[in-house]
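Report on one structure; see the data block that follows.
These values consider heavy atoms only, across backbone and side chains, with no hydrogens, waters or symmetry-generated copies.
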Amino acid sequence: MSTEFVPAAEVRPTTFAVRASDHVARGQQRGEELRTGIVSTLDAYRRYFSHLSITEAAVQSAAASSWQQLREWWPIGAEEAEAVAAGAGIDVTELMEIIARTEIMTQAAAAPTECSTVSHTSPGASVAAQNWDWAVDFSTLWHFNDVGSVPGQHRHVGIAEFGMLGKIGLNEAGVGVLLNILKHAGDEAGGVPIHMILARVLAEAGTLAEALEIIDSAPTSSSSIITVITAEAAVQVEIAGAAKRERRAQATSSADGETGKSGFLIHTNHFLHPDLLDGAMELRPDSTSQERYRHLAEAVVRFEAERAVAGNGEGSSESAASSDGEAHLPVTVGDLTKLLTTEPGEAPVCCTPAPDAAYGNRSATLVSVRIDPARKQIDLAPGSPAEGLDGNRRFQL
């Protein structure tokens, strides 16, 4: 099998836009229209699992266990997944090898790739952005995902890997989600797939509180961090196996995971909440998570200093100083994009594979994501912001 890949910034993904009368018809349409991509993604993950020394039997067992958990936790989502599989001409447990790939990969010694996320909480104008990094061998195996509403569910737009109902995105109620993978000693396969939790939040959550309730209710077994973004606020939910803890900007105590005046929250790929540090692990021996976090933290400090100077110089009502002396200049998705842009020689927040990197050890920023919930706007671009965002698509909900 060829080890060549398409550079992430050169990818021009398909847009899957589905409008259906109910969730089952919607799933059937997804399976039929995206059959080729789903089969290709299944083949790619089976090769990848083998590379990670996860046996075929272990993959199948983990997929079957996650399927049973999903059926109990979100029957409607399970019905839609079953319809996707039927439309694609595969068994639903085969589809689960894609949907539950995060849980399956807990059986590997090291996780493959890493991501960087930044959000800013400003009541009524909170924003978030992410560089989604993954194995570059999957650079063509994702698509824009425009999912129409059905009774009891919201329309949502974002990205998804072929076969998944949802991943990173924003719904018409103004609730968005971002995802970073984590690793913990207690991780195991078989829980509700993190990607189905994301899909359910996008489909059902109308508020920040509802999104957090959905996440908290899921019987998870692997580790990730979900950033929930609404106009009201950004909240990070760190998941360590079955345990979950929230991190909020401008929190009042370290138990809430973040302190200080800044509205910024940063996350890369190591645990930050004090309650979850026991057993926390790096994704891999050569992880750049700590380096990227320090780079982003320093970039935020510089940005805040420049913002305060500019705000105090304006003198307008929009940038009037608050009672503690800080200026209230709006933080935009454009500002977050700049924070997430790095050049060669800096911490690899923008990730590009080395020219000689071998299969299974070559990561890239596959997609740049920017979410502005107040405007009901999401921007999605193949590649990293350092590569120019030439293929950017803006969706307005």
Taking all non-hydrogen atoms of both residues, which atom of [X] and which atom of [Y] are closest, and how far apart?
X      : Y      : value
Gly163 : Val84  : O-CG1, 4.2 Å
Leu182 : Asp187 : O-OD2, 4.1 Å
Ile371 : Pro373 : O-CD, 3.6 Å
Ala85  : Leu95  : N-CD2, 3.9 Å
Gly31  : Ile38  : CA-CD1, 4.1 Å

Problem - Check: Tyr359 ring centre within less than 6.0 Å of Phe5 ring centre - result: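 No, too far apart.
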
Sub-4.5 Å side-chain heavy-atom contact between [X] and [Y]:
X      : Y      : result
Val331 : Phe303 : yes
Arg394 : Gln377 : yes
Arg292 : Asn269 : yes
Ile159 : Asn145 : no
Glu204 : Glu213 : no
Leu165 : Arg30  : yes
Tyr293 : His267 : no
Val201 : Ile215 : yes

Using the ring-ring contact (aromatic ring centres under 6.0 Å, His included) rule, collect all pairs that involve [range], keeping only residues at least two apart or in two chains.
range            : value
residues 208-248 : none
residues 192-223 : none
residues 154-181 : His143-Phe162

[Y]/[X] salt bridge by N-O under 4.0 Å criterion:
X      : Y      : result
Asp216 : Lys244 : no
Glu114 : Arg284 : no
Arg307 : Asp335 : no
Glu172 : Lys376 : no

Practice task
State which residues pass side chain to side chain contact (heavy atoms under 4.5 Å, CB included) with Ala299; sequence neighbours excluded, sorted by chain then number.
Solution key: Arg302, Leu339

Problem - Which residues share a side chain to side chain contact (heavy atoms under 4.5 Å, CB included) with Pro13, sequence neighbours left out - result: Val11, Trp142, Phe144, Pro382

Handout entry: Criterion side chain to side chain donor-acceptor pair (under 3.5 Å) on Trp73 and Ser217, from CA distance to verdict
Key = CA-CA 8 Å; Trp73 178 70; Ser217 73; 3.0 Å; yes

Handout entry: Pairs involving residues 82-92, ordered by first then second residue, that meet side-chain hydrogen bond (donor to acceptor under 3.5 Å, both in side chains) (sequence neighbours left out)
Key = Asp91-Thr93

Exercise for the section: Keeping to residues at least two apart or across chains, list the side-chain hydrogen bond (donor to acceptor under 3.5 Å, both in side chains) pairs with something in residues 337-355. Expected result: none

Handout entry: Contacts of Glu79 that satisfy side chain to side chain donor-acceptor pair (under 3.5 Å) - sequence neighbours left out
Key =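 Once residues adjacent in sequence are excluded, the partners of Glu79 under the side chain to side chain donor-acceptor pair (under 3.5 Å) criterion are His23.
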
Handout entry: Any residue meeting side chain to side chain donor-acceptor pair (under 3.5 Å) with Ser139, in chain and number order, not counting sequence neighbours
Key = none

Handout entry: Partner of Asp372 under side-chain contact (heavy atoms from CB on, under 4.5 Å), chosen from Ile378, Ile229, Val333, Leu170
Key = Val333

Handout entry: With Val192, the side-chain contact (heavy atoms from CB on, under 4.5 Å) member among Ser222, Pro219, Ser221
Key =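 For Val192, the side-chain contact (heavy atoms from CB on, under 4.5 Å) check succeeds only for Pro219.
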
Can you tell me if [X] and [Y] form a side-chain donor-acceptor pair at under 3.5 Å?
X      : Y      : answer
Arg248 : Thr121 : no
Glu32  : Gln28  : yes
Gln153 : Arg26  : yes

Identify, with sequence neighbours excluded, every residue that meets ring-ring contact (aromatic ring centres under 6.0 Å, His included) alongside [X].
X      : answer
Phe49  : Tyr45
His184 : Phe271
His295 : none

Say you draw a straight line from [atom1] of [X] to [atom2] of [Y]; how long is it, rounded to the nearest 0.5 Å?
X      : Y      : atom1 : atom2 : value
Leu212 : Ile226 : CG    : CD1   : 9.5 Å
Gln236 : Glu246 : CD    : CD    : 11.0 Å
Leu265 : Ser126 : CG    : OG    : 10.0 Å

Problem - Member of Thr117, Thr268, Thr227 meeting the side-chain hydrogen bond (donor to acceptor under 3.5 Å, both in side chains) criterion with Asn180 - result: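 When side-chain hydrogen bond (donor to acceptor under 3.5 Å, both in side chains) is applied between Asn180 and each of Thr117, Thr268, Thr227, only Thr117 qualifies.
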
Practice task
Please test Arg393 against Thr15 for side chain to side chain donor-acceptor pair (under 3.5 Å), starting from the C-alpha separation and ending with a verdict.
Solution key: CA-CA 10 Å; Arg393 285 283 307 277; Thr15 299; 3.0 Å; yes

Problem - Expected output: side-chain Thr220 to main-chain Gly241 donor-acceptor under 3.5 Å - result: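 Between the backbone of Gly241 and the side chain of Thr220 there is a qualifying donor-acceptor contact (under 3.5 Å).
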
Handout entry: Aromatic Trp132 / basic Arg370 pairing, under 6.0 angstrom, 45° off normal
Key =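 Because its charged atom misses either the 6.0 Å distance or the 45° angle limit, Arg370 does not stack over Trp132.
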
Practice task
Determine whether Val24 and Val92 fall in the same hydrophobic cluster, where Ile, Leu, Val, Met, Phe, Trp and Tyr are linked whenever their side-chain heavy atoms lie under 4.5 Å apart.
Solution key: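 Cluster IDs for Val24 and Val92 differ.
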
Problem - Cluster link Phe16 to Leu42, ILVMFWY, side chain under 4.5 Å - result: yes

